[in-house]
Undergrad: 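Below are the structure tokens for one structure; questions will follow.
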Amino acid sequence: MKDSLIARLATLLLALFAAAGVLAEPLEKAAVEAALDAAYAKYKSLQEGANADYIPALAKVDSTIYGIALVTPDGTVYTKGDVESEVSIQSISKVFTMTLVMDEQGPGAIYNNMGVDATGQVFNSIVAVEQYKGAEMNPLVNAGAIAATSMVAGGSREEIWARILDYYSAFAGRELKVNREVFDSEAATNQRNQAIAQLMYAYGRIKDDPARATDIYTEQCSVNVNARDLAVMAATLANGGRNPLTGKQVMQEENVPEVLAVMATAGLYDDSGKWLYATGLPAKSGVGGGIIAVSPGRFGIAVISPPLDSAGNSVRAQKAIADISNALGGNPYEVIPQQ
Ligand code: GLN
């Protein structure tokens, strides 16, 4: 009698834990450190890929920067290599502007305006815009991202910009700053993005002032981050929108699943399918050389290494994150069969 009561209580507790998503084994400190060490060493001398050079300032960034950071929901920070050097966040910013718009207007605003589907095209494709008149894409390619920036609330440019930078900073848990050299360099060479924004305006997906939206978007891409910042941002998403270091709920918890779904669909551009196949992780890359990835409830991870492959994704970052996550059982699709 007493035994069966205990058994029933245990089952109930397990069900409660499972519902709360805390059933996964906690990560062992030694296992995380070993995984970071191994991936760091394995890819340190890899000589593949090249810095982005279509934004002149990015070509000058030290291509040997290589840092790995992993943060767990309890706020433990693991690092390996260079986690101090900063690079521009570039397209990783798209995740957080999309999230800001969802917080302000609900996920339907993104879904209805630019969609949440993979384009199968490069990140700055004009063909993808033309195909469905600015719909049927997503906020993680340039057209959808510039449109998302145009949707951020605020009267003046200053007000909108302050809102964006504060929001990113809350995710990182420190005050982030813009890399002026990168901003000026991209602002002087972003004619293609200006054209994309005009086209989105022509199709009514950007309601007003496409030039201003492109300029703010360019500035958001120029925010400087190090690998540790990016890992904290990723861990905030892994932790239901609560920053594990500051304890602050920085986004609406109910929007996390939609944000992660868009990342899974389109985070690594036209290579998103290959990435998901290899890792199962929602992720986002930037041409500055960073990638963030999220194992929901388990960890956020980031790697910075500027040399990119032909799709615009950091070569080392992809390899290191895949190895580390797979070593730690980070793939959310990996389940142990029950009896
Ligand atoms: N600022 C870059 C651009 O718009 C971002 C691209 C990227 O990181 N893939 O071209």
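Nothing fancy with the numbering, it's 1 onward along the sequence. Counting starts at 1 for both ligands and their atoms, following the listed order. These numbers come from the heavy atoms of this one structure, side chains and all, not from hydrogens, waters or symmetry mates.
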Undergrad: Would you check, one step at a time, whether the test side-chain hydrogen bond (donor to acceptor under 3.5 Å, both in side chains) holds for Lys94 with Thr97?
TA: CA-CA 5 Å; Lys94 293 166 175 168; Thr97 296; over 6 Å; no

Undergrad: Atoms of ligand 1 less than 4.0 Å from Gly286 heavy atoms?
TA: 8 (O)

Undergrad: Nearest protein heavy atom to atom 4 (O) of ligand 1, by residue and atom, and its distance?
TA: Tyr217 OH, 2.7 Å

Undergrad: Could you check whether any side-chain N or O of Lys133 sits under 3.5 Å from a backbone N or O of Glu130, counting only pairs where one atom can act as donor and the other as acceptor?
TA: no

Undergrad: Quick check: Lys94 and ligand 1, any N/O pair under 3.5 Å apart?
TA: no

Undergrad: Of all the heavy atoms in Asn124, does at least one lie under 4.0 Å from an atom in ligand 1?
TA: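 Checking ligand 1 against Asn124, which is what was asked, there is no heavy-atom contact under 4.0 Å.
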
Undergrad: In terms of residue, atom name and distance, what is the protein heavy atom nearest to atom 7 (C) of ligand 1?
TA: Ser91 OG, 2.5 Å

Undergrad: Looking at Val182, is its backbone amide N or carbonyl O close enough to the side chain of Ser185 to form a donor-acceptor pair, meaning the two atoms are under 3.5 Å apart?
TA: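 A pair under 3.5 Å: no.
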
Undergrad: Check if Gly312 has a non-hydrogen atom at a distance under 4.0 Å from any atom of ligand 1.
TA: no

Undergrad: Verify the neighbour count for atom CD of Glu175: are there more than 12 heavy atoms of other residues, nucleotides or ligands below 6.0 Å?
TA: no

Undergrad: Give the contacting part of Ile92 toward ligand 1: side chain, backbone, both or neither, where contact means a heavy-atom distance below 4.0 Å.
TA: neither

Undergrad: Show the atoms of ligand 1 that are less than 4.0 angstrom away from any heavy atom in Asn142.
TA: 3 (C), 4 (O), 10 (O)

Undergrad: Looking at Arg174 and Glu86, does any basic side-chain N land under 4.0 Å from a carboxylate oxygen?
TA: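 Yes.
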
Undergrad: Which atoms from ligand 1 have a heavy atom of Asn193 less than 4.0 Å away?
TA: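 Those atoms are 3 (C), 4 (O), 10 (O).
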
Undergrad: May I ask you to decide if Tyr66's main-chain N or O and Asp82's side chain share a donor-acceptor pair within less than 3.5 Å?
TA: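 Between the backbone of Tyr66 and the side chain of Asp82 there is no qualifying donor-acceptor contact (under 3.5 Å).
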
Undergrad: Do me a favour and list the nearest non-hydrogen protein atom to atom 9 (N) of ligand 1 with residue, atom name and distance?
TA: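 For atom 9 (N) of ligand 1, the nearest protein heavy atom is Tyr269 OH, 2.5 Å.
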
Undergrad: Output the list of atoms in ligand 1 that are nearer than 4.0 Å to some heavy atom of Cys221, sorted by atom number.
TA: 1 (N)

Undergrad: Identify the protein heavy atom lying closest to atom 10 (O) of ligand 1, giving its residue, its atom name and the separation to 0.1 Å.
TA: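 The answer is Tyr54 OH, 2.5 Å.
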
Undergrad: Look at atom 5 (C) of ligand 1 and find which of Arg192, Gln90, Glu219 reaches it with the closest heavy atom.
TA: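 Comparing heavy atoms across Arg192, Gln90, Glu219, the nearest one to atom 5 (C) of ligand 1 lies in Gln90.
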
Undergrad: Check step by step if side-chain contact (heavy atoms from CB on, under 4.5 Å) holds for Ile146 and Arg205.
TA: CA-CA 10 Å; Ile146 300 168; Arg205 308 279 160 192; over 6 Å; no

Undergrad: Does a side chain donor of either Gln318 or Asp309 reach within less than 3.5 Å of an acceptor in the other side chain?
TA: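 Asp309 and Gln318 do have a side-chain donor-acceptor pair below 3.5 Å.
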
Undergrad: Distance alone, cut at 3.5 Å: any donor-acceptor contact between the side chains of Asp103 and Asn255?
TA: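 Judged by distance alone, the side chains do pair up.
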
Undergrad: Given that the side chain starts at C-beta and the backbone is N, CA, C, O, which of these parts of Val287 lies under 4.0 Å from ligand 1, counting heavy atoms, or is it both or neither?
TA: both

